[in-house]
Protein chains: 4
Amino acid sequence: MSLRERKAAKKKKEIIQSAVSIIGERGFHATTMEEIASKLLMTKGSVYYYFKDKQDLLYQSQKMLLEQSIHNIETIIEEKSELQEKLHKVLTLHVEYLLKERTGFEIGAKPEQLFSGDPLKEILSLRDQYSRYIDQLILKGIEAGVFQNVNVKIVRNLILGALNSVIEWYSFEGQKSKTEIADLISDYLLRILKKGSSQP
Amino acid sequence: MSLRERKAAKKKKEIIQSAVSIIGERGFHATTMEEIASKLLMTKGSVYYYFKDKQDLLYQSQKMLLEQSIHNIETIIEEKSELQEKLHKVLTLHVEYLLKERTGFEIGAKPEQLFSGDPLKEILSLRDQYSRYIDQLILKGIEAGVFQNVNVKIVRNLILGALNSVIEWYSFEGQKSKTEIADLISDYLLRILKKGSSQP
Amino acid sequence: MSLRERKAAKKKKEIIQSAVSIIGERGFHATTMEEIASKLLMTKGSVYYYFKDKQDLLYQSQKMLLEQSIHNIETIIEEKSELQEKLHKVLTLHVEYLLKERTGFEIGAKPEQLFSGDPLKEILSLRDQYSRYIDQLILKGIEAGVFQNVNVKIVRNLILGALNSVIEWYSFEGQKSKTEIADLISDYLLRILKKGSSQP
Amino acid sequence: MSLRERKAAKKKKEIIQSAVSIIGERGFHATTMEEIASKLLMTKGSVYYYFKDKQDLLYQSQKMLLEQSIHNIETIIEEKSELQEKLHKVLTLHVEYLLKERTGFEIGAKPEQLFSGDPLKEILSLRDQYSRYIDQLILKGIEAGVFQNVNVKIVRNLILGALNSVIEWYSFEGQKSKTEIADLISDYLLRILKKGSSQP
DNA sequence: GATGAATGAGGGTTCATTCAT
DNA sequence: AATGAATGAACCCTCATTCAT
């Protein structure tokens, strides 16, 4: 990748971050290209040099976030550790990533509202991929007798729903650090799956 | 309430339902007053006879939904039954109400994006009221030794987050009925709180 | 047609006339909706109440002009008079209508540049209809032995090309009135078809 | 002219040809500098090295086309042949040139829409020069008693209008070659002027 | 109570043009 | 000579809102 290309890639990333952050705050429709640009001391026109249109900007943001998430989960799954620990790590990292990016997943909470056609398919497919990794972990746990027998899809959705809600209620002013919160949340949610006594 | 007033109230309710349903599908900003009106074979102008502006329509929708939810929870709490059962009922009803209204809560997932000033305060206050009822149930359960000792607010948020996500992934085509799903979900989420063995 | 509808139809016509006149002067792309509207002391928004978009406005303008032209030609054809006289009248009226509307046809000189899909088909079909009327007159003239044997399509195109060019070079300041010009032009062009001596 | 200058001149010509061809298809305003450039595997920036602005590019295109046309007509006029034959050749060449360049004249059908100030004057003057050559041929023909007595300007305009329209309706798929068409068209149009019988 | 019509404030997008490298 | 990048002015279009009837 040439210097030029790297510069362009960097700029794209900057724009995406600006967009993700404002859209996360105000919502997609309430966010103007003007705002996204001016936050980076750019003009609207410049943003259009890097992205075809507003949809495209949103699409690429979502794609990047989802791909990073999938990368995260894959790294953990490849590790050599117990199933429970793995799932715990996955959930923890999910929360941490969410709180670090400060937004992102929620933007696409309802991809059908924001995308259509191929981009929608792509986004849904990435989400699906992510979900399937979690399903696998749960499934293996059940087969290994570590987890209770549950409806995998429902439980996975509940867990993801709970996780993603964090961004709505986690407040920086809280006493707990992001890591602590993430750990605690993962503990709580794993109880849905764990077998046997759930006492400390 | 005179006949005229009752008629007006009925119309208001109709409009709110139309609005809630379309906004739930498309999102607030993507929904036009035109669409809301024409779904009821009305004209935009008429809608403005009943609601000050779009914000007002949204606000009253949210208020109605939340007040109904609070009414639901109050009815259950007043019943004479065990704590666990009560909480289970609350969660079940929450899901059922969500799926019946098919939208509504999600609209206001981030009230800060949609409201400001007094209406925001009012909405937040109603949400708070609802949350506090759940907190109380959890707290009493902990005190009574039925539930584990948890961070009440976090767990409540997780549970509500999981519940509210249902609307995003529940599909009508599924084999399970709304009631079955609601029951199952409540079971699963209660595991976070339940003490002792969680086997069937 | 109710009063309302008639008012609306009148307004539409006004807008079309304003549009046709400015577009005729500046060209389609160089004309802004703002200009079209403000010439009628309206706002852009109002124009959009009557026409879906700029294309639509153009399309309806063209359609109206062509339909009027077809009506003109049909009236003449139904008259009881000689072929030569009929064709002469058609050409004369064509020029007069052109100069009266002061624009219009030229706008759509290249419909492919301005329309696509069904509207394009419709416009082309109307043009075709008009052309076929002229072809018929020429053909009958040839069969009746009044006109020379020519390639009908080519001659028709030449005649229409010559006629339509009038708008580009006819200047009001000329000594000749519109009627005189139209008559003269028709005389000249008929010479292409006339048999025998063309002397006065 | 140095090598460098010749190279530049060549490039200019290439750009002009690209421009003329696309503008002829889409129209001036609908054609972007980007399109003109990318058709030549150039970037917009480069085009601006050779032409001051879009207007300039258009202006020089028109000028080149008109100058070539004038050159064409002058060559023919200098030939030693009969008046009728000369005019016939002029018209034929006009059509052939039009169809060869596939566009060009029509672009500037209404120079007032595209130019203003000195460039407009220059273009109008070149057009005028071209027209005057034709006028002279007609006039001489009348004086020599070969052509009928007609209003020269009107007839010239009709002939040019008819000729220029060719580009709008000539289709490549036609059975006739460009040369045949050009010849036929010239024959037909000369009938407007010819004296005596016009039978074959 | 209802509606057709009008408005105007934006927002997304395009594109000719410029300029540092 | 060439280009990638940036700019900003315009333009089309949408839509919440208003109001006379």
Chemist: Begin with the C-alpha distance, continue with both residues' side-chain angles, and end with the deciding distance and a verdict on side chain to side chain contact (heavy atoms under 4.5 Å, CB included) for B:Glu122 and B:Phe115.
Modeler: CA-CA 10 Å; B:Glu122 176 78 8; B:Phe115 304 106; over 6 Å; no

Chemist: Measure CD1/B:Ile15 against P/E:dG1 and give the value in whole Å, please.
Modeler: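 Nearest whole value for this atom pair: 12 Å.
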
Chemist: Report yes if a side-chain nitrogen or oxygen of C:Tyr50 is closer than 4.0 Å to either non-bridging phosphate oxygen (OP1 or OP2) of E:dG4; otherwise report no.
Modeler: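 For C:Tyr50, the contact criterion (side-chain N or O under 4.0 Å from OP1 or OP2 of E:dG4) is not met.
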
Chemist: For DNA chain E, what dot-bracket results from Watson-Crick or G-U pairs at under 3.5 Å, with [ ] for crossers and | for inter-strand partners?
Modeler: .||||||||||||||||||||

Chemist: Do the side chain of C:Ser18 and the main chain of C:Glu14 share a donor and acceptor less than 3.5 angstrom apart?
Modeler: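 Not at all, since once roles are kept as given, no pair shorter than 3.5 Å links the two residues.
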
Chemist: Can you tell me if the side-chain N/O atoms of D:Ser46 get under 4.0 Å from OP1 or OP2 in F:dA2?
Modeler: no

Chemist: Round to a whole Å and report the spacing from OH of C:Tyr48 to P of E:dG8.
Modeler: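 Result: 16 Å.
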
Chemist: On DNA chain F, does the nearest nucleotide to B:His29 precede the nearest nucleotide to C:His29 from the 5' side, or the other way round? Give the residue.
Modeler: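 Comparing both residues, the 5'-ward one is C:His29.
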
Chemist: Nearest-Å distance, CZ (D:Phe28) to P (E:dT14)?
Modeler: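 Going from D:Phe28 (CZ) to E:dT14 (P), I get 19 Å.
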
Chemist: Can you tell me if C:Arg4 touches the phosphate of F:dT21, counting only side-chain N or O atoms and a distance under 4.0 Å to OP1 or OP2?
Modeler: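 For F:dT21, neither OP1 nor OP2 has a side-chain N or O of C:Arg4 closer than 4.0 Å.
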
Chemist: Rounding to a whole Å, what distance do you find between C:Asp56:CG and F:dT14:P?
Modeler: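 One finds 11 Å between P of F:dT14 and CG of C:Asp56, rounded.
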
Chemist: Without decimals, in angstroms, what is the distance between D:Lys54 NZ and E:dT17 C1'?
Modeler: 12 Å

Chemist: Starting at atom CG of B:Leu58, determine the distance to atom C1' of F:dA16, rounded to an integer number of angstrom.
Modeler: 14 Å

Chemist: In whole Å, I'd like the distance from the CD atom of C:Gln55 to the C1' atom of F:dC13.
Modeler: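 So the two atoms are 13 Å apart, to the nearest Å.
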
Chemist: Using only atom types and a distance under 3.5 Å, with no angle test, would you say the side chain of D:Gln113 pairs donor to acceptor with the backbone of C:Gly24?
Modeler: yes

Chemist: Without swapping roles, check the side chain of B:Thr31 against the backbone of B:Gly27 for a donor-acceptor pair under 3.5 Å.
Modeler: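 Yes; judged by distance alone, with no hydrogens or angles, the pair exists.
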
Chemist: Does any residue of residues 33-42 of chain C have a heavy atom under 4.0 Å from DNA chain F, and if so, which ones, in number order?
Modeler: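 The answer is C:Met33.
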
Chemist: Find out whether the Lys NZ or Arg CZ of B:Lys54 is both under 6.0 angstrom from the six-membered ring centre of B:Phe28 and within 45° of the ring's axis.
Modeler: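 Here B:Lys54 passes the 6.0 Å and 45° test against B:Phe28.
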
Chemist: Looking only at side-chain atoms of A:Lys11, point me to the closest of F:dA6, E:dT13, F:dC15.
Modeler: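 Looking only at side-chain atoms, A:Lys11 lies closest to F:dA6.
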
Chemist: At less than 4.0 Å, is any side-chain N or O atom of C:Tyr49 found next to OP1 or OP2 of E:dA6? Yes or no.
Modeler: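 It does not, given that no N or O in the side chain of C:Tyr49 lies less than 4.0 Å from OP1 or OP2 of E:dA6.
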
Chemist: Classify the side chain of A:Lys44 versus the base of E:dT13 as yes if they form a donor-acceptor pair under 3.5 Å and no if they do not.
Modeler: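 Such a pair is found, so the answer is yes.
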
Chemist: Nearest nucleotide by nearest heavy atom, which residue falls closer to the 5' end of DNA chain E, A:Asp53 or B:Glu5?
Modeler: B:Glu5

Chemist: Ignoring the backbone of C:Ala8, work out which of E:dA5, F:dA2, F:dA16 is nearest its side chain.
Modeler: E:dA5

Chemist: Looking at C:Ser2 and C:Glu5, would you say the former's side chain and the latter's main chain have a donor-acceptor pair under 3.5 Å?
Modeler: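 Side chain of C:Ser2 to backbone of C:Glu5, a donor-acceptor pair under 3.5 Å: yes, one is there.
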
Chemist: Working note: D:Lys52 + D:Leu57, criterion side chain to side chain contact (heavy atoms under 4.5 Å, CB included); need CA distance, chi angles, decisive distance, verdict.
Modeler: CA-CA 7 Å; D:Lys52 204 177 120 283; D:Leu57 176 51; over 6 Å; no

Chemist: A:Ser46 side chain to A:Met42 main-chain N or O, any donor-acceptor pair under 3.5 Å?
Modeler: no

Chemist: Indicate, with a heavy-atom threshold strictly under 4.0 Å, whether D:Thr31 touches base, sugar-phosphate, or nothing.
Modeler: sugar-phosphate

Chemist: We want to know whether C:Ser21 and C:Lys39 form a side-chain donor-acceptor pair, criterion being a heavy-atom distance below 3.5 angstrom.
Modeler: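 Judged by distance alone, the side chains do pair up.
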
Chemist: Classify the nucleic acid contact of D:Phe51 as base, sugar-phosphate or nothing, counting any heavy atom under 4.0 Å across all strands shown.
Modeler: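 It contacts nothing in the nucleic acid.
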
Chemist: Rounded to whole angstroms, how far apart are NZ on A:Lys12 and C1' on F:dA6?
Modeler: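 These atoms are roughly 16 Å apart.
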
Chemist: Starting the side chain at C-beta, find the nucleotide from F:dG8, E:dG12, E:dA16 nearest to A:Thr43.
Modeler: F:dG8

Chemist: Salt bridge (charged side-chain N to carboxylate O under 4.0 Å, His left out), that's the test. Do B:Arg26 and B:Glu35 meet it? Break it down for me.
Modeler: CA-CA 11 Å; B:Arg26 300 217 218 305; B:Glu35 286 170 322; 3.1 Å; yes

